[in-house]
Amino acid sequence: MAEQALTGGSDPHPALFDAVLELADDHLILGHRLSEWCGHAPMLEEDLALPNMALDLIGTARTLYDYAARQEGKGRGEDDLAFLRVEREYRNLLICERPNGDFAQTMLRQLYFAAVMEPYWAAAVDSPDAVIRGVAGKAVKEMAYHVRHAGEWVIRLGDGTDESAARMRAAVAELHRFTGELFEESTASAALVEGGVLPARGDLRGPWDRVIGMVFAEAGLEVPEVPFPQTGGRRGLHGEALGHLLAEMQYLQRAYPGATW
Amino acid sequence: MYSQGLIGADGATEETPEFLARFQARIDAEEKIEPNDAMPEGYRRTLVRQIGQHAHSEIVGMLPEGNWITRAPSLKRKAALLAKVQDEGGHGLYLYAAAETLGVSREQMTEELLSGKAKYSSIFNYPTLSWADIGVIGWLVDGAAIMNQIPLCRCSYGPYARAMIRICKEESFHQRQGYEIVMTLARGTPAQKEMAQDALNRWWWPSLMMFGPSDADSQHSDQSMRWKIKRFTNDELRQKFIDATVPQAEFLGLSVPDPELRWNEAKGGYDHGPIDWDEFWRVVKGGGQMNVDRIRDRKKAWDEGAWVREAALAHAEKRAARKAALAAE
Ligand SMILES: [Fe+2]
Ligand SMILES: [Fe+2]
């Protein structure tokens with residue numbers, strides 16, 4: 001099949017590779033973080049739910065890496081992109097790489113991410129790009145489930161015991177500073193937004209604020225002021241935690257170059 | 001959402017000879033025993049012990065394989081391993097539910113696991129040292145589990161038999177997937193093949209031990225066979241496993257680490273070298289390298305999750321109270 005996903009017969013946009021890679025990195029890195037919980041969750045039901053969500057994210061990442069690799073046309077595949085780049089080349093949002101912390105932080109991080117990606121994919125189901133449309137159709141349902149699952153936990157914990165409420169407030173204090181980045185456009189994504197291929201992140205702020213506002217109201221949490229918002233993931237300016245995640249994730253690919261697994 | 005009271009069978013059956021004979025007649029007629037049926041206390045206790053151990057094995061078994069999820073070598077393998085470990089958690093869940101029909105709660109069983117009172121399969125007290133271990137565990141450990149579990153799909157206790165049908169389907173998928181990982185390694189670079197052979201060397205004997213002590217030394221077998229909780233002896237199942245697995249190893253070009261392994265034409269099966277039962281009992285009694293770590297990990301997850309479970313309960317109560325207050329207005 002010709003690698004011509006954009007309708008209308010025009011050449012693929014030169015920024016498509018970078019923009020798709022950004023999305024793929026978000027999903028892989030957050031999926032990897034969730035997978036770290038497997039077997040260590042607070043209850044058996046969550047030992048099933050957390051890998052479920054991780055699998056959703058990793059599945060989306062695979063489709064996107066594969067698409068990016070085909071766009072690039074240099075013979076790289078999904079695993080080359082996922083495993084064989086260095087820290088500065090990863091383009092994920094900072095919130096995706098934040099360490100799991102406790103269960104409150106993990107659930108809040110998931111809510112923050114899913115509450116932006118649900119409207120994102122909902123808008124992308126009309127993209128002229130067939131691959132993006134395909135991913136969006138599946139991911140929008142998954143993200144709706146993640147919003148529900150994580151949102152319910154934020155409410156339970158925020159409105160649970162004194163300890164859980166304190167932990168939930170600490171999670172908000174820890175993670176809210178990374179949420180501004182969710183709505184930033186990179187150079188690559190801006191170019192595709194202009195062409196109508198990807199949804200504009202600025203438009204997602206309203207829906208995100210509404211979901212977070214509703215959940216926080218029920219959870220008894222306050223949306224904090226953020227004096228120093230943190231950003232930089234799209235330019236490869238990560239926190240220190242990402243390097244360790246990658247060292248672990250890339251170990252076999254690095255130790256046995258060129259092997260097939 | 002999380003606490004489950006005592007349900008199902010009371011232990012107060014009067015075990016007259018007539019009652020026991022009637023029960024045995026139902027078993028002999030291949031009738032399924034259901035949760036609300038009268039059953040001898042010994043039958044109930046045997047099942048609780050066996051299903052509990054089985055459930056704990058699924059849960060503890062998530063740890064050695066979980067050890068490689070974050071280091072899986074490709075996205076495909078990472079997703080497959082995550083899904084596999086998640087399946088094992090699901091098996092634990094069905095089995096705890098089956099045990100609950102016999103009147104023990106999941107909390108109770110969990111406490112028995114964490115206190116060391118309840119056992120789980122000893123195989124999980126060995127460490128996973130390389131990626132090949134993930135393949136070999138799927139191939140041998142899930143493979144041995146299937147041999148053990150297929151007959152349990154016909155177990156006389158209905159809820160256990162039904163749980164096993166679903167579980168066996170997934171275990172055989174795990175077994176094929178594991179074998180495929182080992183095959184990829186065996187056909188890969190020399191370093192990968194060596195990794196596969198090393199893993200087979202380390203997991204072969206512990207896998208044979210999964211079937212339990214030799215028939216001569218097995219205490220629970222006879223009564224369990226009469227009650228049709230068990231249908232084959234440990235040695236019979238072990239023999240089936242060896243006969244199925246040795247040709248698979250040969251096909252991969254890997255050698256089974258047993259110099260005495262020989263095809264025996266007369267019995268139509270393999271003869272094998274002696275199993276080191278001292279090692280088996282040492283690991284059962286807590287002397288394996290990972291016994292302490294496995295329970296510590298489970299206990300850590302349980303203890304560190306306590307505040308989450310308490311919060312969920314507190315929230316549910318608040319919610320119910322608010323609802324009741326609203327209804328009263
Ligand atoms: Fe299992
Ligand atoms: Fe399995």
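Predicted, not measured: the structure shown is a model, and the values here were computed from it. Quick note on labels: first sequence line is chain A, next is B, and so on, each numbered from 1.
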Between [X] and chain A, with a heavy-atom cut-off of 4.5 Å, which part of the residue counts as in contact: side chain, backbone, both or neither?
X      : value
B:I181 : neither
B:A72  : backbone
B:K76  : both
B:L63  : side chain
B:L93  : both

With only heavy atoms counted, which part of [X] is less than 4.5 Å from chain B, the side chain, the backbone, both or neither?
X      : answer
A:Q253 : side chain
A:L28  : side chain
A:A82  : side chain
A:A255 : neither
A:I58  : side chain
A:F103 : both
A:D162 : neither

Donor-acceptor contact present, side-chain B:N125 to main-chain B:Q289, <3.5 Å: no
Sidechain-backbone polar pair: B:N291 side chain, B:G288 backbone, donor-acceptor under 3.5 Å: yes
Steps toward side-chain contact (heavy atoms from CB on, under 4.5 Å) verdict (B:S105, B:Q108): CA-CA 5 Å; B:S105 70; B:Q108 228 173 312; 3.3 Å; yes
A:F113 and A:H146 aromatic centres sub-6.0 Å: no
Does the side chain of [X] come under 3.5 Å of the side chain of [Y] through a donor N or O and an acceptor N or O?
X      : Y      : value
A:Y145 : A:N52  : no
A:D25  : A:Y65  : yes
B:E171 : B:H174 : yes
B:H54  : B:Y96  : no

Residue among [options] with most heavy-atom pairs under 4.5 Å to chain A:
options                       : result
B:R71, B:E304, B:R187         : B:R71
B:D303, B:T184, B:T70, B:V308 : B:T70
B:G66, B:G135, B:A79          : B:A79

Residue among A:R91, A:R33, A:R234 satisfying salt bridge (Lys or Arg N to Asp or Glu O under 4.0 Å) with A:D26: A:R234
